[in-house]
Amino acid sequence: MTSSPDAPLTFSNEVISARANATPIVALESTIITHGMPYPQNLETAKQVEAEIRARGAIPATIAVMKHRIHIGLSDSEIDTLAKTPNAAKLSRADLGTCLATGGIGATTVAATMIAAHLAGIAVFATGGIGGVHRGAETSFDISADLYELAQTPVSVVAAGAKAILDLPKTLEVLETLGVPVIAFGQDNFPAFWSRDAGLAAPLRMDSAHDIAAAHLMRAKLGLKGGQLIANPIPETFEIPQSEINPAIETALTDAANQGIATKSVTPFLLARIFELTEGRSLTANIALVLNNARLGAAIATEIALQKSA
Ligand code: PSU
Ligand code: MN
């Protein structure tokens, strides 16, 4: 399964048994823990997400870099350590090798989690939001490496769309250019993280985990590289109206510009600022949508396992 036999992977005990028994596995990222949510909600959410996946008969594999190894599945105490390490490195494709070589603690972004999941033979990964094309990218050139990873690594990523801190039309254009299937789950429009509807048509729509799993396996049969982005709308009760979230986004973007925030710091800065400005409202929604994505991720992973054994 592992595409590189030399990759320094360390599997948790439950992931080892899941691999042996072909139990469905759902990968989870760790940057959402270290850079996406404040303590202690980051820790509580990480554990709840894992519990949600186990409750659906799948096994969670939270991924992070520690002591020269990529950990595929973390113990409770490792998650605890990570949640309390504010200076953990934020790892994307560019910094995975250096962090492993030097032995630092690193949290994996969507891009790095996809790489690690694929090395571990895991097909499905659930998270909150992906990185994308930032507003003003025509001058800043700030486009997340997540988009290029989706174009080259065959993992299906379940997210609630992308945050409106990004330029969503440009994000969809780049994904289209890169040949990434963007599949809205159960609706025609692309969801925008805190709201179910970005006001943009999604390129593709599917209504069942069965179909998403079949499309994932079909891409492999065709020899297509790259993954799928499954855009799963936030549950209605947790939606935040645009009128409430937009002023926080505008303020956060202005603050980032005034403080000269650039490169990898942009997204964590904006997320933290929006949490402050909405006094936790954004966080409640964020937690609800991550749990919702974990449930869909487990359903897709289960379907992939079923269809592979059929
Ligand atoms: N968007 C969110 N929450 C997050 C992130 C993005 O709504 O936690 C994190 C993810 O780990 C994502 C990364 O992969 O930020 C993207 O960072 P950048 O924009 O620097 O590529
Ligand atoms: Mn960036």
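Whatever order the structure lists ligands and atoms in, that order sets their numbers, starting from 1.
- Considering each of V290, I143, D146, the one bringing a non-hydrogen atom nearest atom 16 (C) of ligand 1 is D146.
- Restricting D142 to its N/O/S atoms, the shortest distance to the Mn ion (ligand 2) is reached by OD1.
- Tracing side-chain contacts under 4.5 Å through hydrophobic residues (I, L, V, M, F, W, Y), one reaches F193 starting from V174; they form part of the same cluster.
- The closest approach between H35 and ligand 1 stays at or above 4.0 Å for every heavy atom of the residue.
- Counted within 6.0 Å of CD on E138, heavy atoms from surrounding residues, nucleotides or ligands total more than 12; the atom is thus considered enclosed.
- Nearest protein neighbour of atom 21 (O) of ligand 1, counting heavy atoms only, is S144 OG, 2.6 Å.
- For atom 11 (O) of ligand 1, the closest non-hydrogen atom on the protein side is E29 OE1, 2.6 Å.
- Contact check on R135 versus E250 returns a salt bridge, with a Lys/Arg side-chain nitrogen under 4.0 Å from an Asp/Glu carboxylate oxygen.
- The only option from K47, E50, E29 that meets the side chain to side chain donor-acceptor pair (under 3.5 Å) definition with T62 turns out to be E50.
- Residue-environment remark: CD (E176) stays at or below the threshold of 12 foreign heavy atoms within 6.0 Å.
- Atom 9 (C) of ligand 1 has its closest protein heavy atom at T31 CG2, 4.2 Å.
- The contact set between ligand 1 and F193, taken as ligand atoms under 4.0 Å from a residue heavy atom, comprises 7 (O).
- Of the options I32, I274, L271, the smallest heavy-atom separation from atom 4 (C) of ligand 1 is shown by L271.
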Verdict with supporting geometry, V15 and I59, side-chain contact (heavy atoms from CB on, under 4.5 Å): CA-CA 7 Å; V15 171; I59 293 299; 4.1 Å; yes

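- Nearest non-hydrogen protein atom to atom 17 (O) of ligand 1 is K90 NZ, 3.1 Å.
- Checked against T267 for a side chain to side chain donor-acceptor pair (under 3.5 Å), the options H134, K90, H35 give a single hit: H134.
- In this structure, I274 CD1 and W194 CH2 are separated by 4.0 Å, a value rounded to the nearest 0.5 Å.
- Looking only at protein heavy atoms, the nearest one to atom 15 (O) of ligand 1 is T267 CG2, 3.6 Å.
- Scanning the protein for heavy atoms near atom 7 (O) of ligand 1, the closest one is K163 NZ, 2.5 Å.
- Taking all heavy atoms of A162, S30, G129, P268 into account, the minimum distance to atom 6 (C) of ligand 1 is reached by G129.
- Considering backbone and side-chain N/O of G36, none are found under 3.5 Å from N/O of ligand 1.
- Counting heavy atoms under 4.0 Å from ligand 1, residue M37 does not touch it at all.
- Residue contact check: H134 has heavy atoms under 4.0 Å from atoms 19 (O) of ligand 1.
- Judged by distance alone, the side chains of E149 and T153 do bring a donor and an acceptor atom under 3.5 Å apart.
- Cation-pi geometry between R19 and F11 is met: under 6.0 angstrom from the ring centre, within 45 degrees of the axis.
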